[in-house]
Amino acid sequence: MNILGIHGGTTIQQHDACAALMIDGRLVCCVEEERLIRVKSATGILPIYSITACLKEGGLDIRDIDLIAMPGETYEDIQERTREWLIHHFGFAPPIETVNHQSAHLASAFYQSDYESAMCLSYDAYGDGISGALATATMRDGIEVIETLPATNSLGVYYAAMTSFLGFKPGEDEYKVMGLAPYGEPDIDMSFFCRPSAEGYISDDMYFRDRRNATQYEPHYSQLLVDKIGAPRRKGEPITQHYKNVAASTQAALERSAVSLVEYLHRRSGQSALCLAGGVALNCSVNRILAKLPFIEKFFVQPAASDRGLALGCALYATAQNGIDIAAIDHVFFGPSHAEDEIEKAIELSGFKARALDDPALEAADLVAAGKIIAWYQGRSEYGPRALGHRSILADPGLPGMKDEINKRVKFREEFRPFAPSVIEEEFKTLFDLSAPSPYMTIACDVQQGWGEKIPATTHVNNTARVQTVNKAVDPLYHALISNLYGKTGRPAILNTSFNIRGQPIVETPLEAISTFAGNGIDALVLGPYLLEK
């Protein structure tokens, strides 16, 4: 059975348009629209190009699709509108079913976890009229929602309001608040806005604006919040210690509330495995705390936990509902394919001189060990917000000034923003306080004693890191690169950040890779089997 999951564009503020294709229970393609149209978040845009990419990867025509699954079950006209635009763009509309937004999130986490049973939590701003869902799930019986969270009591909206208050873009820049928080002290009591309760948490909607029709450029906080904690930070103003403390206090209140919610879910479900999705689940500092709760034995966070993962969740949900076994999904490299001849044509068009490499992983390690910043473009792209070794910018984490250098001359972004380490799976416990592999960069953890000084470029100010563990069987080329670097530096890790610059999506095509490489301070680009240098 060919099932296409889609999401995006049915309202002007709907973001992260995407598509995912399942064929007989096997994931074939998953890609976000932003990667293909080069508009970050693809807000208000239909997933036309991502659908086209999925069909191409599957060798299918739209008429070969047996079912389209999409979020939006509370939208009365969504099926008819979707049918109309599919016919307009593709000439045909397969049968369409809607899935609750939060159910799609739950499915995206549970079915990719490959757990036999688990408690599942989705929490975000809101979708289909609710801000989250608590559930239990088994592979045999599927997902059973035991409670939903109203849109008026939303951890995602709370954090978005505080993101807006701090002068960042809500719905997109929440990770900046998380990164800024360790530079401050949580000395502001935010319990008036967000606090734990016996049934999870309370987020008081008096302090945020109704954002259902608000753009990212309008304030998402109410005057009552200003009356409580003072003036918001204006765009372009310095980030003073006060605003750092606001960020720290915001994060602390979120952490307390999330812990309380998971404890409540555990009491309701009795389960010891936890699967997370929804935009709040991308807060890796919260995940660090949740993973260490004494009753949590297994912990999985959907790598595309935000609305980027809704198409996949819908496809997985519909696959399970149709009684089809779901094949294990043990990586995220399901983007479009780009053949070697496309790479060669892009190099020729760019005018760069390129050298063919016998061993890209070895030559890349040589460059990184020599202090170079390199771009690494290999195979199919990752879905989700993190670069995980196929569309990455890489450097030596052992160089103390490397974080500042990349932020300044490569990424063009705020100096407080941290970078993540990729570590070969065989050595992760030596460097990091992790109990299990973490392949998707979804959990922050403490850096082991003595290693913070050895990998300063990927150790945050609070001695934590958002780690990616690299499995040799899953990604042998990237594993080989890090292993080669280990032999040269004595550090089994590499600095890994997404191959893009501030405000742009991660590169998708070979030509975009060359263009981005040419426009900033990256020293070299390993593009498939070719090396380009400046």
Side-chain angles (χ1 to χ4, degrees), residues 1 3 5 20 22-28 30 69 99-100 102-123 132-148 258-259 261-278 280-281 286-305 309-334 383-384 425 428 434-443 469 471 473-474:
M1 188 173 186
I3 297 176
M22 304 281 295
I23 297 178
D24 296 331
R26 178 176 58 89
L27 180 60
V28 172
C30 185
V99 179
N100 184 278
Q102 304 298 341
S103 294
H105 277 318
L106 294 170
S108 74
F110 177 66
Y111 291 117
Q112 187 162 344
S113 75
D114 207 32
Y115 296 163
E116 282 300 316
S117 63
M119 56 180 170
C120 303
L121 171 62
S122 166
Y123 53 171
L134 289 65
T136 58
T138 67
M139 282 295 182
R140 184 186 65 185
D141 299 324
I143 297 169
E144 180 183 356
V145 174
I146 56 178
E147 188 172 331
T148 60
V259 167
L261 181 60
V262 170
E263 289 174 339
Y264 174 64
L265 173 58
H266 175 64
R267 291 195 298 271
R268 293 288 306 272
S269 69
Q271 292 277 357
S272 59
L274 174 62
C275 297
L276 286 185
V280 179
V286 168
N287 295 343
R288 168 177 172 254
I289 296 170
L290 298 181
K292 288 179 173 289
L293 291 175
F295 54 84
I296 299 296
E297 295 179 4
K298 293 191 291 186
F299 185 66
F300 180 80
V301 181
Q302 164 56 238
L310 282 175
L312 174 60
C314 287
L316 289 167
Y317 185 90
T319 299
Q321 288 292 102
N322 281 277
I324 302 168
D325 290 338
I326 296 170
I329 304 171
D330 59 0
H331 62 80
V332 293
F333 310 121
F334 289 98
Y383 65 80
E425 192 174 288
F428 77 89
L434 278 172
S435 60
S438 181
Y440 301 125
M441 243 183 239
T442 53
I443 306 171
T469 56
N471 182 283
V474 171

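Between Gln302 and Leu312 there is a side-chain heavy-atom pair separated by less than 4.5 Å. In this structure, the side chains of Leu274 and Leu293 stay at 4.5 Å or more apart for every pair of heavy atoms. For the pair Ser113/Lys298, no side-chain contact is recorded, criterion being any heavy-atom separation below 4.5 Å from C-beta on. You'll find the side chain of Ile324 stays beyond 4.5 Å of the side chain of Arg26, heavy atoms only. Contact of the Val259 side chain with the Ile289 side chain is registered, since non-hydrogen atoms from C-beta on lie closer than 4.5 Å. The side-chain heavy atoms of Thr148 and Gln102, taken from C-beta on, include no pair separated by under 4.5 Å. For the pair Asp330 and Asp114, the minimum side-chain heavy-atom distance is 4.5 Å or more. Residues His105 and Leu276 are not in side-chain contact: their nearest non-hydrogen atoms beyond the backbone lie 4.5 Å or more apart.
Taking every heavy atom of both residues into account, Leu290 and Tyr123 meet most closely at CD1-OH, 3.8 Å. The two residues Gly5 and Ala315 come nearest to each other via the heavy atoms N-CB, 3.9 Å. Across all non-hydrogen atoms, the minimal contact from Val99 to Cys314 is CB-SG, 4.1 Å. Closest approach of Leu106 to Ala135, counting heavy atoms only: CD1-CB, 3.8 Å. Contact record, Ala107 with Leu316: O-CD1, 3.9 Å, taken as the closest heavy-atom pair. When every heavy atom of Pro437 is checked against every heavy atom of Phe428, the shortest pair comes out as N-CZ, 3.6 Å.
Rounded to the nearest 0.5 angstrom, Phe110 CZ and Ser122 OG are separated by 15.0 Å. To the nearest 0.5 Å, the span separating CD1 on Ile329 from CG on Leu27 amounts to 5.0 Å. Put simply, NE2 on His331 and OH on Tyr383 are 8.5 Å apart, with the number rounded to the nearest 0.5 Å. Annotation: the span from Ile3 atom CD1 to Asp24 atom CG amounts to 9.0 Å, rounded to 0.5 Å. Here the straight-line distance linking atom OG1 of Thr319 with atom CD1 of Ile23 works out to 10.5 Å at 0.5 Å rounding. Taken to the nearest 0.5 Å, the CE atom of Met119 stands 10.0 Å off from the CD1 atom of Ile146.
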What verdict does the side-chain contact (heavy atoms from CB on, under 4.5 Å) test give for Asn100 and Tyr317, after you've listed the backbone C-alpha separation in whole Å, the side-chain angles of each residue and the deciding distance to 0.1 Å? CA-CA 10 Å; Asn100 184 278; Tyr317 185 90; over 6 Å; no
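Within the 3.5 Å criterion, the main-chain N or O of Ala473 finds a donor-acceptor partner in the side chain of Asn471. Between the side chain of His266 and the backbone N or O of Gln271, at least one donor-acceptor pair lies under 3.5 Å. Tyr115 places a side-chain N or O within 3.5 Å of a backbone atom of Phe299 that can act as its donor or acceptor partner. A donor-acceptor pair under 3.5 Å links the side-chain atoms of Asn287 to the main chain of Thr442, judged by distance alone. In this structure, Thr469 contributes its side chain and Ser438 its backbone to a donor-acceptor pair below 3.5 Å.
Ring orientation note: the planes of Phe300 and Tyr440 are nearly perpendicular, at an angle over 60° on the 30°/60° scale.
Within a 6.0 Å sphere centred on CG of Asp325, other residues, nucleotides and ligands contribute 12 heavy atoms or fewer.
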